[in-house]
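Counting starts at 1 for both ligands and their atoms, in listed order. Remember, predicted model here, so these are calculated numbers, not experimental data. Below, each value reflects all heavy atoms present in this structure, side chains not excepted, and no hydrogens, waters or symmetry copies.
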Amino acid sequence: MFERILIANRGEIALRIIRAARELGCETVCVYSEADKDGPWLEAADHAVCIGPGPAKDSYLRIDRIIAAAEVSKADAIHPGYGFLAERADFAEVCRDCEISFIGPSPEAMGLLGDKISAKKLAREVGTPIFPGTEDAVEDVDEAVAVAQEIGFPVIVKAAAGGGGRGMRIVREASELRGAIESASSEALAAFGSGAVYVEKFLEKARHVEVQCLGDSHGNAIHLFDRDCSSQRRHQKLIEEAPAPAVDPVKRLETAEAAARLLREAGYCGAATVEFLMDANGDYSMLEVNTRVQVEHCVTEMITGIDIVQASIRVAAGEPLGIDQSEVKLNGHSIECRINAEDPDRDFMPQAGEVKTFVAPGGLGVRMDSHVRSGYRIPPFYDSMIGKLIVHAPSRDEAITRMRGALSDLRIGPGKSTAPLHSKLLDRSEFRNVEMDIHWVERMLKED
Ligand code: ADP
């Protein structure tokens, strides 16, 4: 096992990793920016090293400073968390060159699965369901038009290196395809340094269902079943739940097994999520692979009892997974609400500044993963998530009731939060009856 893990992240995920490391007997080093010098999670770490000013490009994204901090503090491993450098294969490579273990996949596996075209190619080979579309990056627009005509419009043009919803264009007519390919490609080139784009079928109405997986360096890969994350705004997930409700049990199992197979084939070590869209017939098509721990990993932990962060540290240290697929059992239902410091009544305006009052809910089956406490000042530089409220109960209905209670026990002020919006969403018939699709929250917000 590692002696000392450096955490190249902040906030709730830094705290989550500290807790996991502590139970494994590892010391922790947190790097932090000047804006985070009073971050409550730093108190939980064994050591803390300042790496620069508030803006992430001057601190949390500075590979040189993070590596220097790891060397000075004699850390033998780095956990990237999510966001920041978590999906940068070049960072994983620098760690390897410096003989520091990167807690995550090898740069090769990350590159293979992080590129949407190569991930889709591998998925096609191993039988993970994908959208029909072009097999390679578009080089000849006439060929792309022919493919689009064969699969039928609407189609979507997507960047191989895309992220955060950028570099995508929905195309409804053949005449628009050429322009869409050109503009998506130049946007992708500017944003990601690669202009490679591909074309696939666009699904109008879909649910977002994703499969949590774990792999080790001994050729094992398993799945921990699925989550539904259809409640989104601007591609940001608001509510996640596990297991995904109202899915065909046979297709669920086939898809989850196909996701695990994909990782096994890629030689993947660590935690990963294979994201799918599910159509009205309950058929799945892969969107992309996230090669890191996700914000919503907790709901899967609640229903499987498996500590995903600990497992990812153990496999990075070379241990075998030690969990057989047949040992992964579902127990009850779990829901997570991402609590953001934003005002839903004012176009989700971020609420930086002091949180004077913060009271986390508790009780049976209630978990609050948050780095916030009363008196904490939210810096203006980072995302606005201030905590994840997670519940676990025997059934989905009971989990919804438990979450409603927990949300009403939560106290955050004087700034606004998204907690009242969550209560509203949980009361809607679309959510209660599992009639969500990835646009339902935005439709509801428009109606209001
Ligand atoms: P990113 O890495 O930018 O998040 P994704 O591939 O995950 O890109 O796609 C982002 C979002 O775009 C999806 O959550 C979905 O809402 C939409 N999308 C992407 N591909 C399709 C598709 N083939 N059909 C319908 N919607 C899609």
Side-chain angles (χ1 to χ4, degrees), residues 82-84 86-89 110-124 128-135 137-138 144 147-148 150-172 177 180-181 183-185 187-211 226-240 244 259 262 272-281 283-292 294-296 338 383 436-443:
Y82 52 67
F84 298 128
E87 290 180 280
R88 290 264 303 267
M110 195 192 284
L112 176 65
L113 294 175
D115 179 286
K116 292 180 193 187
I117 293 176
S118 58
K120 227 178 135 170
K121 254 192 196 151
L122 186 62
R124 190 179 286 117
T128 310
I130 50 172
F131 285 102
T134 54
E135 290 196 12
V138 175
V147 171
E150 199 185 312
I151 60 179
F153 287 87
V155 296
I156 182 167
V157 180
K158 296 171 71 172
R166 280 186 299 173
M168 297 194 299
R169 299 284 185 283
I170 299 162
V171 180
R172 298 186 183 278
L177 191 56
I181 288 171
S183 70
S185 177
E187 184 180 319
L189 185 65
F192 313 112
S194 156
V197 296
Y198 61 104
V199 176
E200 68 183 18
K201 182 79 195 152
F202 179 75
L203 199 56
E204 296 280 3
K205 197 166 181 198
R207 277 171 61 190
H208 176 114
V209 178
E210 60 186 30
V211 178
D226 50 12
R227 301 185 278 257
D228 184 299
C229 314
S230 300
S231 302
Q232 310 181 351
R233 177 181 169 269
R234 295 193 177 163
H235 301 311
Q236 296 297 316
K237 296 163 185 165
L238 297 172
I239 304 178
E240 302 103 341
L262 182 66
T273 300
V274 185
E275 296 191 327
F276 295 91
L277 289 183
M278 197 182 88
D279 67 17
N281 298 324
D283 287 319
Y284 295 77
S285 304
M286 187 176 90
L287 268 181
E288 63 169 339
V289 184
N290 285 151
T291 56
R292 55 171 165 84
Q294 281 187 298
V295 175
E296 62 270 26
R338 292 193 194 189
D383 72 51
M436 311 90 80
D437 68 83
I438 50 177
H439 304 296
W440 86 274
V441 172
E442 290 187 340
R443 272 199 308 272

(request) Specify side chain, backbone, both or neither for Lys116, according to which of its non-hydrogen atoms lie closer than 4.0 Å to ligand 1. (result) side chain
(request) Could you point out which residue of Asp228, Asp283, Asp279, Asp226 forms a salt bridge (Lys or Arg N to Asp or Glu O under 4.0 Å) with Arg207? (result) Asp228
(request) Return the residue, atom name and 0.1 Å-rounded distance of the protein heavy atom closest to atom 14 (O) of ligand 1. (result) Leu287 CD1, 3.9 Å
(request) Report the residue from Lys158, Arg166, Arg169 that forms a salt bridge (Lys or Arg N to Asp or Glu O under 4.0 Å) with Glu187. (result) Arg169
(message) With no hydrogens and no angle check, just 3.5 Å: does a side-chain donor-acceptor pair link Gln294 and Thr273?
(response) yes
(request) Determine yes or no for a side-chain-to-main-chain donor-acceptor pair under 3.5 angstrom, with Thr291 supplying the side chain and Met110 the backbone. (result) no
(request) Tell me yes or no: between the side chains of Ser230 and Trp440, is some donor less than 3.5 Å from an acceptor? (result) no
(request) Answer with yes or no whether Gly165 contacts ligand 1, where contact means a heavy atom under 4.0 Å from a ligand atom. (result) yes
(request) Provide, to 0.1 Å, the distance between atom 9 (O) of ligand 1 and the closest protein heavy atom, together with that atom's residue and name. (result) Met168 SD, 3.9 Å
(message) If we set the cut-off at 4.0 Å for heavy atoms, which region of Phe202 has an atom near ligand 1: side chain, backbone, both, or neither?
(response) both
(message) Taking the basic N atoms (NZ, or NE/NH1/NH2) and the acidic carboxylate oxygens, is any pair closer than 4.0 Å for Lys116 and Glu288?
(response) yes
(request) Examine Leu203 against ligand 1 and note whether any of their N/O atoms are separated by less than 3.5 Å. (result) yes
(request) Would you indicate which of Arg166, Lys158, Lys201 comes nearest to atom 22 (C) of ligand 1 when only heavy atoms are counted? (result) Lys201
(request) Please name the residue in the list Leu262, Asp115, Val211, Leu112 that meets the side chain to side chain contact (heavy atoms under 4.5 Å, CB included) test with Val289. (result) Leu262
(message) Below 3.5 Å, N or O to N or O, backbone or side chain included: is there any such pair between Glu200 and ligand 1?
(response) yes
(message) Could you check whether Glu275 pairs with Lys237 (Lys NZ or Arg NE/NH1/NH2 to Asp/Glu carboxylate O, under 4.0 Å)?
(response) yes
(request) Mark up the atoms of ligand 1 that fall under 4.0 Å of a heavy atom belonging to Glu288, in ascending order. (result) 1 (P), 2 (O), 4 (O), 5 (P), 7 (O)
(request) Would you mind running through ligand 1 and noting each atom that sits below 4.0 Å from a heavy atom of His235? (result) 11 (C), 12 (O), 16 (O)
(request) Give the residue, atom name and distance (to 0.1 Å) of the protein heavy atom nearest atom 27 (C) of ligand 1. (result) Leu277 CD1, 3.7 Å
(message) Tell me whether ligand 1 is touched by His439 - counting only heavy atoms on the residue side and a distance under 4.0 Å.
(response) no
(message) Taking atom CZ as the centre, does Arg443 end up with more than 12 heavy-atom neighbours from other residues, nucleotides or ligands that are less than 6.0 angstrom away?
(response) yes
(request) Would you mind listing which atoms of ligand 1 come within a distance below 4.0 Å of any non-hydrogen atom of Ile438? (result) 15 (C), 16 (O)
